[in-house]
Amino acid sequence: MKASPYAFIAPFFIVFGAFSLVPLLYTAWYSLHDVQLANLDGQTWAGLKNYENLLSSDFFWNALWNTLTIGVISTVPQLVMAIGLAHLLNYKLRGSTVWRVVMLTPYATSVAAATLVFVLLYSWDGGMINWLLDFVGIDPVNWRESDWGSQFAVSSIVIWRWTGYNALIYLAAMQAIPADLYESAAIDGANRWQQFIHVTIPQLRPTILFTVVVSTIGATQLFGEPLLFGGVSGSKGGSEHQYQTLGLYMYDQGWIIGNLGKASAIAWTMFLILLIVAVIQLLISRRLRKSQ
Amino acid sequence: MRTSTRGSRRLMALAAVAALTTGLLAGCAEDSDDGSSNEGGGNGGGGKTTLTIGTFGVFGYKQAGLYDEYMKLHPDISIKENVTTRTDVYWPKTLTRLQAGSGTDDIQAIEVGNITEAVQTQADKFVDLGKEVDKSQWLDWKNTQATTKDGKLIGLGTDIGPMAICYRKDLFEKAGLETDRAKLAEQWNGDWGKYVDLGKQYMKKAPSGTKFVDSASSVYNAALGGETERYYDKDGNVVWDKSAGVKKAWNVAMDVATSDMSAKLKQFDKPWDQGYANGTFATVACPAWMIGYIQEKSGEAGKGKWDVAAAPTAANWGGSFVGVPTAGKHQKEAIALAKWLTAPEQQAKVFAKQASFPSTPSAYGSLKPASATQEYFSGAPITQIFSDSAKTIPTQYLGTKDQPIGTAITDIGILQVEQKGKSAAQGWDAATAEIKDVLGQ
């Protein structure tokens with residue numbers, strides 16, 4: 001048996017074990033205990049109490065619901081726009097590299113920097129968006145405290161950051177589609193739109209599934225954008241928790257309130273939700289493959 | 001020959017892999033957290049002892065040149081300050097390091113909002129400083145806050161936050177109000193309700209685009225700062241919903257939130273800073289540390305327009321301590337530095353730099369604010385105003401969850417009423433639900 005291949009992949013697994021697996025298991029252990037941040041050694045066995053508390057907590061269900069709604073209003077437009085942009089970029093364009101690089105720049109900016117700029121744009125008093133709304137005669141919106149407004153604002157940051165990235169993934173997949181498919185479609189009399197619907201989209205299916213999976217994981221873990229959008233005490237996600245996601249609720253419980261046991265239970269619940277989502281997506285992709 | 005080359009190559013590859021892995025793993029032993037930065041002088045070379053001090057916000061030691069001065073007095077010591085901007089990031093990090101017994105700085109700053117938690121849960125992680133200093137230098141209540149039940153003093157008082165009201169003289173004049181600081185102080189003396197009444201008067205003739213006060217929460221915090229009973233009783237039981245102090249402060253805040261006299265800003269938020277710059281509110285509850293903040297955020301445009309008057313009641317808002325963790329490697333040197341930094345003379349120097357108010361009364365006689373500060377605040381006798389307030393601040397009962405309970409009231413309850421048009425009762429209910437969640441009830 002040769003040792004070197006194992007040795008070469010070992011660093012990943014050792015580091016993964018130390019920084020991911022051990023904390024993961026330790027979090028599971030914590031979630032079954034009553035642990036306070038100020039008294040880590042004084043943990044007492046709590047069984048499933050933390051999970052029961054969660055399931056009966058309005059705050060938890062609110063956070064779960066917010067994660068879902070923000071996830072939908074950020075992911076769906078993002079992917080639709082990404083496909084559209086990729087389609088446009090797939091035409092012969094002058095300076096195509098420039099366009100592609102420009103698409104990727106939002107992805108290259110840090111969450112913190114981008115969010116801080118958006119906070120200024122969405123500022124209630126004197127922000128640019130309310131200033132524009134004022135032009136068309138709409139009253140200023142208190143973006144941070146309004147229920148749908150805050151969710152829309154947070155989603156817009158996500159959309160802005162990730163659309164270009166997804167567009168480039170779609171573009172790469174589009175360029176792998178054989179040109180003769182389009183030629184024969186054209187001979188059959190299909191126009192550009194019909195070619196897009198009947199050739200491009202079916203050929204992109206595996207790529208679309210991939211981006212949906214990645215975006216769903218991202219949406220479930222959404223944290224930095226709403227935290228920074230909220231400014232001071234951002235972990236509350238607004239005075240009515242109107243944009244408090246699961247990630248924020250976990251952070252608030254663990255690090256602001258100091259209830260690490262409950263925060264760990266939230267972390268594991270999020271993990272379980274992701275597993276369920278992954279299984280659903282696996283089933284869907286199997287079905288799609290069969291139907292092909 | 002061939003095999004040996006292969007063998008040694010493989011060995012080298014394995015060595016490289018091992019080095020890479022240990023390098024990655026060792027990376028976590030270094031202190032390089034996001035959001036913290038190293039400041040301060042000294043390059044810690046050549047047999048010097050390097051002391052680190054962990055602080056949050058703007059402590060003012062470096063700004064007042066205290067580190068440089070100390071290093072000049074003690075050439076064998078070099079000081080490094082690790083600053084974390086936000087307390088809500090600083091404190092959880094410090095808590096975990098204290099309990100792990102590693103990664104702490106030689107001196108750790110503790111905010112008053114966290115001092116009770118530190119006293120009740122981390123006392124064994126700090127050196128007892130009571131034996132090292134003359135405790136009578138400090139205000140009694142300041143020492144009490146950092147003292148455990150069995151008499152151990154875990155932190156030395158740095159600054160305190162005696163209360164005043166900062167107001168825009170020019171806006172008051174336009175609104176047809178009294179502008180003299182002594183007469184104003186008399187008008188609202190003894191009752192925050194009178195201050196709110198003046199606000200209603202202001203709003204009748206308010207200069208366009210301005211409100212009377214920055215936020216309802218700041219009035220709440222200021223009013224609560226003058227109460228003995230807050231969220232806990234003197235035995236450490238949570239009594240926030242029955243507390244007379246909380247009720248009083250809440251009612252005043254509700255009066256502010258529902259009468260359109262607030263600019264509806266969240267304190268320490270970017271728009272709040274802009275509010276200072278654009279002069280959109282005429283008054284702000286003004287603990288001593290706010291003086292420096294106003295100067296910075298209001299800038300040149302506010303120079304000479306601000307004035308300071310005594311607050312309706314003597315109150316304290318904020319202030320800090322410095323403690324020496326037992327995990328530190330240079331405890332003796334750290335204790336000496338902590339003593340020196342908190343001595344009356346040094347506290348007076350920080351006051352001269354950024355108006356952080358000393359917790360040592362013997363410094364009060366010699367306090368001199370920077371001449372720029374005096375000019376900025378229309379020559380108000382701020383030393384006098386803050387000293388008077390400091391001497392009459394009541395002893396307050398604090399508890400372990402003071403900070404999250406306070407946040408629940410201001411950023412959930414009051415904010416809902418102020419910004420979402422909820423009724424006072426709805427705001428109170430929301431705060432109640434939140435606090436139950438905080439306390440795990």
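As a basis for the values below, the full set of heavy atoms in this structure was taken, side chains included, without hydrogen atoms, waters or symmetry mates. Here is how names work: the chains are called A, B, and so on, in the same order as the sequence lines, proteins then strands, and each is numbered from 1.
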Query - Residue selection (most heavy-atom pairs with chain A, distance under 4.5 Å) from B:D411, B:I414, B:T96 - result: B:D411

Query raised in the report: Can you pull the salt bridge (charged side-chain N to carboxylate O under 4.0 Å, His left out) pairs that have at least one residue in residues 16-40 of chain A, sequence neighbours excluded?
Result: none

Report summary line: Within residues 214-232 of chain A, the residues sitting under 4.5 Å from chain B by heavy atom, in sequence order, are A:G230, A:G231, A:V232

Query raised in the report: Just how far is it from atom NZ of B:K266 to atom CH2 of A:W124, taken to the nearest 0.5 Å?
Result: 12.0 Å

Query raised in the report: Does any heavy atom of chain A fall under 4.5 Å from the side chain of B:I412, the backbone, both, or neither of them?
Result: both

Query raised in the report: Checking B:A433 against chain A: side chain, backbone, both or neither under 4.5 Å from a heavy atom?
Result: both

**Report entry** Spatial distance of atom CD (B:Q122) from atom CG (A:N39) [nearest 0.5 Å]
**Finding:** 7.5 Å

Report task. Without swapping roles, check the side chain of A:E240 against the backbone of B:Q416 for a donor-acceptor pair under 3.5 Å. Result -> no

Report task. Hey, could you give me the CD/OG distance between B:Q267 and A:S233, rounded to the nearest 0.5 Å? Result -> 11.5 Å

Query raised in the report: Counting N and O atoms only, with roles assigned by atom type, does the side chain of B:Q99 sit under 3.5 Å from a partner on the main chain of A:L37, one being a donor and the other an acceptor?
Result: yes

Requested in this report: Measure B:P404 against the heavy atoms of chain A and call it side chain, backbone, both or neither at under 4.5 Å.
Outcome: side chain

Query raised in the report: Any side-chain heavy atom of A:D147 sitting closer than 4.5 Å to one from B:K420?
Result: yes

Report task. Calculate, to the nearest 0.5 Å, the distance between atoms CG and CG belonging to A:L260 and B:L95 respectively. Result -> 9.5 Å

Query raised in the report: Side chain, backbone, both or neither: which part of B:E434 has an atom under 4.5 Å from a heavy atom of chain A?
Result: both

Report summary line: Honestly, the part of B:E117 sitting under 4.5 Å from a heavy atom of chain A is side chain

**Report entry** Derivation of the side-chain contact (heavy atoms from CB on, under 4.5 Å) call for B:D269 and A:R144
**Finding:** CA-CA 12 Å; B:D269 225 356; A:R144 215 185 245 170; 2.4 Å; yes

Requested in this report: Counting only heavy atoms closer than 4.5 Å, note whether B:Q419 contacts chain A via side chain, backbone, both or neither.
Outcome: both

Report summary line: Within residues 131-142 of chain A, contacts to chain B at heavy-atom distances under 4.5 Å involve A:N142

**Report entry** salt bridge (charged side-chain N to carboxylate O under 4.0 Å, His left out) contacts touching residues 248-273 of chain A (sequence neighbours left out)
**Finding:** A:K236-A:D252, A:K262-B:D437

Query raised in the report: Between B:K270 (side chain) and A:L120 (backbone), is there a donor-acceptor pair under 3.5 Å?
Result: no

